[in-house]
Amino acid sequence: MNPGERGERWRDWRWQLVNRISRVEHLPLHYEEREALIPVAARYPVSITPYYASLIRWDDPADPIARQCVPSQDEVAFRLPDSTPDPLAEQRYSPLPGLVHRYPDRVLLLASAVCPVLCRHCNRKRTWRRPEALLGSKEWRRALDYIRRERGVREVILSGGDPLMLPLSRLSRILEALRAIPHVEVVRIGTRVPVTLPMRVTPELCSVLEGARPLWINTHFNHPREVTREAEEACDSLVTRGIPVSNHTVLLKGVNDDQEVLLTLFRRLQAISVRPYYLFQCDSALGTDHFRVPLPEGISMMEGMWGRTGGLTLPRFVVDLPGGKGKVSAERAHCLSLSGEEALFMNFEGETVRYRW
Ligand SMILES: *Cc1c(COP(=O)(O)O)cnc(C)c1O
Ligand code: SF4
């Protein structure tokens with residue numbers, strides 16, 4: 001089907017959700033391949049919207065879109081020694097279920113247990129069958145009370161699951177409650193909806209989000225082929241309502257572990273007014289080890305881009321340290337040495353330059 005033939009239903013996000021691929025039996029794979037994936041899916045379920053599935057080139061066994069959403073044997077068969085179900089120790093840093101408070105000035109709320117597409121590299125795949133999200137109104141009340149008490153919290157990040165999967169009336173009430181807390185200066189929503197279900201970004205949703213400004217959307221594009229006309233329209237509707245959109249990419253083997261792919265992605269994002277924010281080293285989450293790229297590769301790819309492309313296309317390359325030790329920048333410093341009155345820098349052409357003040 002080409003987009004013209006897809007018609008109204010295709011653009012209806014509810015239709016997209018109802019018609020999700022949620023059984024390996026429904027994947028267009030050979031019988032033996034599907035059979036082999038049944039036990040994988042029993043452990044880590046499948047969900048792919050028809051829209052996201054339409055981006056896959058099924059005749060390519062190494063398709064980067066398929067790799068992100070079609071289960072793989074490696075999820076259960078390949079394991080590196082340091083991987084754990086909860087690599088960032090989110091449970092340890094949860095004073096209440098569904099609320100992660102790791103940094104002094106910001107808290108993360110697991111606002112929803114649902115994602116339109118279940119990403120095979122998800123670092124919260126432990127929660128897919130056992131949600132840790134804030135599900136009932138009692139839990140939400142307790143989370144909001146906690147934030148009201150913690151005066152140091154200036155930013156609340158709704159994460160998940162995908163917060164934009166919440167019923168609109170509920171999302172609206174949550175955003176209003178957060179806005180009413182004087183010390184909460186800003187809300188951030190982490191969502192993959194612009195990538196996996198862009199038709200969810202309706203005018204009604206945009207109105208709710210606009211009413212909760214200052215609000216930032218941080219989304220999750222990993223490959224230039226995800227930057228479609230539909231995705232662009234979704235981001236554009238947010239930006240034109242005054243909602244800045246930024247992006248984190250996860251560095252994934254077989255998806256985007258290539259400097260040209262990353263450069264194309266970051267440039268396309270800037271061209272649709274989406275600011276590349278972080279490039280994450282893939283966390284040591286159990287079931288995702290086959291995606292891990294050696295750290296030096298990420299560092300040199302980012303170094304290779306510096307100076308070649310504008311600063312607004314370049315995210316920071318970040319490792320979220322195991323055990324909840326926090327995020328760190330994984331870039332080599334351009335500043336080679338520093339003394340009381342001079343510094344030595346390495347510029348983007350590899351030249352050493354002295355700077356005095
Ligand atoms: C990543 C993360 C944040 C947000 O950190 P930023 O550097 O502001 O993007 C907040 N809380 C937790 C627990 C996180 O893992
Ligand atoms: S959208 Fe985010 S939370 Fe949902 S499955 Fe993908 S990576 Fe995990």
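Whatever order the structure lists them in is the order used to number ligands and atoms, beginning at 1. By convention here, the first residue in the shown sequence is residue 1.
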- So which bit of Val117 gets within less than 4.0 Å of ligand 2, heavy atoms only: side chain, backbone, both or neither?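 The part of Val117 near ligand 2 is the backbone, not the side chain.
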Of Lys125, Arg120, Arg192, which has the heavy atom at the shortest distance from atom 1 (S) of ligand 2?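 Result: the heavy atom closest to atom 1 (S) of ligand 2 is in Arg192.
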Check: Any idea which of Tyr93, Tyr277, Phe280, Tyr103 brings a heavy atom closest to atom 6 (P) of ligand 1?
Finding: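 Looking at heavy atoms only, the winner is Tyr277.
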Any salt bridge linking [X] with [Y]? Criterion: basic side-chain nitrogen under 4.0 Å from a carboxylate oxygen.
X	Y	value
Arg124	Glu132	no
Arg11	Glu8	yes
Arg192	Glu226	yes

query: Under 4.0 Å from any heavy atom of Cys115, which atoms of ligand 2 are there?
result: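 Per the distance check, 1 (S), 3 (S), 4 (Fe), 5 (S).
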Review point. Any side-chain donor paired with an acceptor under 3.5 Å for Ser72 and Arg67?
Key: no
Please work out whether the ring planes of His121 and His220 are parallel, tilted or perpendicular, with thresholds of 30° and 60°. perpendicular
For this session: Considering non-hydrogen atoms only, spot the tightest contact between Val100 and Ser94 and give its length.
Result: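 Residues Val100 and Ser94, closest heavy atoms: CG2-OG, 3.8 Å.
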>> With the threshold set at under 4.0 angstrom, would you say Arg188 reaches ligand 1 through any of its heavy atoms?
In response: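 In this structure, Arg188 qualifies as a contact of ligand 1 - some heavy atom is under 4.0 Å.
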TODO: Select one of side chain, backbone, both or neither to describe which atoms of Ile157 lie under 4.0 Å from any atom of ligand 1, heavy atoms only.
DONE: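 The answer is the side chain.
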Under 4.0 Å from one or more heavy atoms of Arg102, ligand 1 contributes atoms 13 (C)
- For ligand 1, which atoms, with element, lie under 4.0 Å from some heavy atom of Val100?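 With Val100 as reference, the close atoms of ligand 1 come out as 13 (C).
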>> Run Val193 and Thr219 through side chain to side chain contact (heavy atoms under 4.5 Å, CB included) and show every step you take.
In response: CA-CA 8 Å; Val193 150; Thr219 188; over 6 Å; no
Please report which non-hydrogen protein atom sits nearest to [atom], along with the residue it belongs to and the distance in Å to one decimal place.
atom	value
atom 8 (Fe) of ligand 2	Cys122 SG, 2.3 Å
atom 15 (O) of ligand 1	Lys327 NZ, 3.0 Å
atom 7 (O) of ligand 1	Tyr278 OH, 2.6 Å
atom 6 (Fe) of ligand 2	Cys119 SG, 2.3 Å
atom 2 (Fe) of ligand 2	His220 ND1, 4.5 Å

Is the shortest heavy-atom distance from the side chain of Trp58 to the side chain of Val70 under 4.5 Å?
yes
### Query
Distance from Leu134 atom CG to Leu144 atom CG, nearest 0.5 Å?
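If I round to the nearest 0.5 Å, the distance is 8.5 Å.
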Nitrogen or oxygen atoms of Arg106 and ligand 1 under 3.5 Å apart: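 By distance alone, the answer is yes.
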